[in-house]
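One structure is given below, encoded as structure tokens.
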Protein chains: 2
Amino acid sequence: MNDLQINISIDPSFYCKDPESSALGKKIMQVGIEMIHELGYEAFTFKKLGVQINSNESSIYRYFESKHSFLVYLVNWYWSWIECKLVFATINIHSAEERLEKSIQILTEEIKEDNEITFINEVLLNKIIISESSKAYHTIDVDKENEKGYYKTYKRVVQRVCDFVLEVNPKFEYPHMLISTIIEGAHHQKYFSKHLPSLTDVEEGKNSIVEFFLKLTKSVLR
Amino acid sequence: MNDLQINISIDPSFYCKDPESSALGKKIMQVGIEMIHELGYEAFTFKKLGVQINSNESSIYRYFESKHSFLVYLVNWYWSWIECKLVFATINIHSAEERLEKSIQILTEEIKEDNEITFINEVLLNKIIISESSKAYHTIDVDKENEKGYYKTYKRVVQRVCDFVLEVNPKFEYPHMLISTIIEGAHHQKYFSKHLPSLTDVEEGKNSIVEFFLKLTKSVLR
DNA sequence: GCAAATATAATAGTATTACTATCAATTATG
DNA sequence: CATAATTGATAGTAATACTATTATATTTGC
């Protein structure tokens, strides 16, 4: 994947003006990610971001209609990127078991390096997804936003891996539950291991989270 | 449990003035729960609650130092209540397997009836926990709040069930991960089944969520 | 190379939020 | 019944999440 110029295309419904279409737009994404990571979603504001990038609050509003929709945009960008990784990592694998295994690894492993293919720091973005993404759908307007397609990239990723599950075991009754539980569960475990370690069994230097979810999957599909 | 006068005792660090000690305090909890359920955590305010209970914003602040700490209080109240249920439901079970099974059922089943032992509507509180409780710990101040003991009731519940897991299989390496994944996972699945059903495999009339997590547990501990 | 179109910046303003502070009125208790 | 404790009313603050308007750059098409 490292030599590949991937183009993560984001549905226009997620923005007012495409942030990838201008230098300012890219700066908004880049520094926006850094600031949400640093301040947390609640304390982050477009005003502060404007100061940081020597631009203006009102200019940022021309790209995203609200702080919430900026988060939703980032979440969709992230899942598009993960989808890309999934597709390329599984395309040449012929065994269904291995394809599923590889997918679960991608969904649960720590993202350690910013490959710099894109202008986005994926390590930071991943951390935001872990600690803030649930705020994108834990809102009173979920149903309305779901209708507008706000969560479709995430759903597509789940469905994709779900298909691999059914290839391994066509009779398994809970493929969607399994995959969405693994994805959310891995995020929780990573967050807990950093902040509430007594809720996990993560050992230093070990890839406990990947191992746990792989073991879980294998045993339940057997 | 129905004839039992349980007393859910809440650590004084979670409030300024004990809400269970006065009529106003109880009203704050009771109506507060209803309003968070109705408006969502973000749109809920102490001012609106004051209007609803014919009291005053400033009076509510005498019970809870902030909206956030009110949520934290409710989350702890909920886990104390669940802990109670767990203790009573497992006390007379002699088989370790059955004890674990019963616990997982309690942690994953839908709470359908307000038993009215307490003045709290547990059905509504459970719904708040499902959709809002992650906001109690997905905050930039997690570490500080963790030190203050804000999440201790939840941790105690996880540890309790974790002990049952180790009784069933003392060699299992990931008991905390398993239980916290089940708890959070069940909440997610319930939320998804209502708002993002394509992420689940919930069938009407069936207890799919309980069954899924029971199956997962049994197969991974085998 | 310049006018027109477009993008960005600056400024001001709004309703609301999440509180704090102060003081008055009520209610409970010895 | 007086005193203390609780609750209520009012006012105020800094910040948030925007919107609206106007001014200034920058890009582009000819």
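Letters A, B, ... are given to chains in the order of the sequence lines, protein chains preceding strands, and every chain is numbered from 1.
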All side-chain contact (heavy atoms from CB on, under 4.5 Å) counterparts of A:Glu110, not counting sequence neighbours: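 Applying side-chain contact (heavy atoms from CB on, under 4.5 Å) to A:Glu110 gives A:Lys112.
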
Tell me: [atom1] of [X] to [atom2] of [N], nearest whole Å?
X: B:Ile60; N: C:dT17; atom1: CD1; atom2: P; result: 14 Å
X: B:Asp18; N: D:dA5; atom1: CG; atom2: C1'; result: 16 Å
X: A:Glu57; N: C:dG13; atom1: CD; atom2: C1'; result: 12 Å
X: B:Tyr61; N: C:dT17; atom1: OH; atom2: P; result: 11 Å

Is [X] salt-bridged to [Y], going by a charged N under 4.0 Å from an acidic O?
X: A:Asp143; Y: B:Lys194; answer: no
X: B:Glu42; Y: B:Lys135; answer: yes
X: A:Arg160; Y: A:Asp163; answer: no

Sugar-phosphate only, base, or nothing, as touched by B:Phe64 at under 4.0 Å among non-hydrogen atoms: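 B:Phe64: no heavy atom of the nucleic acid under 4.0 Å.
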
Selection: residues 33-53 of chain A, any non-hydrogen atom under 4.0 Å of DNA chain D: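 A:Phe44, A:Thr45, A:Lys48, in order of number.
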
B:Lys155 atom NZ: more than 12 heavy-atom contacts under 6.0 Å: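 Yes, NZ of B:Lys155 has more than 12 neighbouring heavy atoms, counting only those of other groups under 6.0 Å.
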
A:Lys67 charged N/C atom sitting above A:Tyr41 aromatic ring, 6.0 Å / 45°: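 Pair A:Lys67/A:Tyr41 counts as cation-pi.
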
Audit row: B:Val202, B:Lys206, side-chain contact (heavy atoms from CB on, under 4.5 Å) steps and yes/no: CA-CA 7 Å; B:Val202 174; B:Lys206 270 195 172 182; over 6 Å; no

Nucleotide of D:dA17, C:dT8, D:dG8 approaching A:Lys67 most closely (side-chain heavy atoms):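 Minimum distance to the A:Lys67 side chain belongs to D:dA17.
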
Options C:dA9, C:dT20, D:dC18, nucleotide nearest the side-chain atoms of A:Ser59: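 Nucleotide nearest to A:Ser59's side chain: C:dA9.
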
Report each atom pair, protein N/O against N/O of nucleotides 4-6 of chain C, whose distance is under 3.5 angstrom.
none

Presence of B:Tyr63 side-chain N/O under 4.0 Å of D:dT6 phosphate oxygens OP1/OP2: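 Negative; the distance criterion is not met.
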
OP1 or OP2 of D:dT7 under 4.0 Å from side-chain N/O of B:Ser55: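 For D:dT7, neither OP1 nor OP2 has a side-chain N or O of B:Ser55 closer than 4.0 Å.
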
Distances under 3.5 Å only, N/O to N/O: pair up the protein atoms with those of nucleotides 23-29 of chain D.
none

Contact state string [nucleotides 21-30 of chain C, B base, S sugar-phosphate only, - no protein heavy atom under 4.0 Å]: B---------

Considering all heavy atoms of both residues, which atom of [X] and which atom of [Y] are nearest to each other, and what is their separation?
X: B:Ile10; Y: B:Ser80; result: CD1-OG, 3.9 Å
X: B:Ile106; Y: B:Ala89; result: CD1-CB, 3.4 Å
X: A:Glu109; Y: A:Val210; result: CA-CG2, 3.6 Å

Identified side chain to side chain contact (heavy atoms under 4.5 Å, CB included) counterpart of B:Trp77 within the set B:Thr153, B:Ile129, B:Thr118, B:Ile33: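 That would be B:Thr118; it is the only one of B:Thr153, B:Ile129, B:Thr118, B:Ile33 passing the side chain to side chain contact (heavy atoms under 4.5 Å, CB included) with B:Trp77.
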
Give the table of side-chain donor-acceptor pairs shorter than 3.5 Å for residues 51-61 of chain B, with sequence neighbours excluded, one pair per line with atom names and distance.
unit_1	atom_1	unit_2	atom_2	d
B:Asn56	OD1	B:Ser58	N	3.1
B:Asn56	OD1	B:Ser58	OG	2.9

Backbone N/O of B:Tyr150 and side chain of B:Asn76: donor-acceptor pair under 3.5 Å: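 Side chain of B:Asn76 to backbone of B:Tyr150: a pair is present.
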
Test of ring centre spacing under 6.0 Å for B:His138 and A:Tyr191: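 Between B:His138 and A:Tyr191, the centre distance is under 6.0 Å.
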
